Amino acid sequence: MRRSKQLVAGCAAVGLLAAGCGDEPDGDDANPQVNGAGVVNIEQERRLAAPEQATDAFTYDQAAAPVGAGLSVSAKSTGAGTLVEFDVDGLVPDRGYAVHLHTKPCGPTGDAAGPHFQNRVDPAATPEQPSKDPAYANPQNEFWLDLRTNAEGDGESRTEVPFGFSDRVPASVVVHAEEHTATEHGKAGQAGGRVACMTVPFR
């Protein structure tokens with residue numbers, strides 16, 4: 001798990017968290033932008049708790065996501081888009097998990113986090129029928145962070161997408177029951193039940 005609870009807090013650029021608060025970058029690193037989007041540079045870590053005790057890191061299936069397991073996420077703007085890294089410890093050993101960024105904060109049930117965050121939103125998707133079109137439900141338009149744990153239940157993943165954040169940002173990381181995210185037409189983006197969720201202030 002990463003040591004820092006949050007690298008940036010209380011700083012905003014175009015309504016988003018700003019990179020390097022308190023520092024004065026120079027040269028090509030001054031006021032970095034990604035396709036005109038606001039800069040993001042955050043790091044958060046939390047321990048899972050049962051819904052009745054949790055505030056921002058929930059387990060909905062303690063067999064798959066034990067109480068006390070750690071989730072850590074970082075996100076930062078890059079010259080090519082946005083890089084997100086996700087680490088876990090204390091999950092089930094030698095097991096795969098599908099992981100995505102979602103549109104809403106976590107809540108007492110897994111449904112609270114809403115659908116996957118998409119850069120280009122699938123116009124055919126509804127709250128009752130989330131996007132399954134691979135033209136939209138894909139790892140270039142969404143944040144897919146599927147991982148596999150080691151013998152100690154630790155694991156990590158990363159993804160870099162070719163877009164930055166603007167007025168829309170994700171609000172949570174959801175760990176799903178399936179070992180990997182489906183990619184075939186009609187099932188793209190599907191990953192099974194939601195076993196855990198961590199609210200992340202991406203702005």
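Bear in mind that the values here come from a model prediction, so they are computed numbers and not experimental data.
Inspection of the T78 and E160 side chains reveals an N or O donor paired with an N or O acceptor under 3.5 Å.
Within a 6.0 Å sphere centred on CZ of R158, heavy atoms belonging to other residues, nucleotides or ligands number 12 at most.
Contact annotation: the side chain of E179 approaches that of R95 to within less than 4.5 Å [non-hydrogen atoms, C-beta and beyond]. Side-chain contact between P105 and S172 is absent, with no heavy-atom pair separated by less than 4.5 Å. With a 4.5 Å cut-off on side-chain heavy atoms, K104 and H102 do not count as touching. Between V73 and V84 the shortest side-chain heavy-atom distance falls below 4.5 Å. Between V99 and V174 the shortest side-chain heavy-atom distance does not fall below 4.5 Å. A heavy-atom distance below 4.5 Å is not found between the side chains of Q190 and E178. Between T82 and F202 there is no side-chain heavy-atom pair separated by less than 4.5 Å. Looking at F165 and S77, their side chains never come closer than 4.5 Å, going by heavy atoms from C-beta outward.
Distance check: T199 OG1 to R46 CZ gives 9.0 Å after rounding to the nearest 0.5 Å. In this structure, NE2 in H176 is found 10.5 Å from CG in L145, a value given to the nearest 0.5 Å.
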Please set out all donor-acceptor pairs under 3.5 angstrom arising from side-chain atoms of residues 114-124, sequence neighbours excluded.
unit_1	atom_1	unit_2	atom_2	d
H116	ND1	E142	OE1	2.9
H116	NE2	H100	ND1	3.1
Q118	OE1	D122	N	2.9
Q118	NE2	S131	OG	3.2
Q118	NE2	Y136	O	3.4
Q118	NE2	E142	OE2	2.8
R120	NH2	A135	O	3.0
D122	OD1	A124	N	2.9
D122	OD2	S131	OG	2.8

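Among the candidates V88, D87, V173, the single residue satisfying the side chain to side chain contact (heavy atoms under 4.5 Å, CB included) test with S72 is D87. Paired with V195 under the rule side chain to side chain contact (heavy atoms under 4.5 Å, CB included), one option of T59, L91, L48, D61 passes, and it is D61.
Ionic pairing of D89 and R47 is present here: one or more N-O contacts between side-chain nitrogen and carboxylate oxygen are shorter than 4.0 angstrom.
Judged by distance alone, with hydrogens and angles left aside, the side-chain atoms of N138 form a donor-acceptor pair with the main-chain N or O of P134 at under 3.5 Å.
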key: Verdict with reasoning, Y97 to V175, per side-chain contact (heavy atoms from CB on, under 4.5 Å)   = CA-CA 7 Å; Y97 292 90; V175 180; 3.4 Å; yes
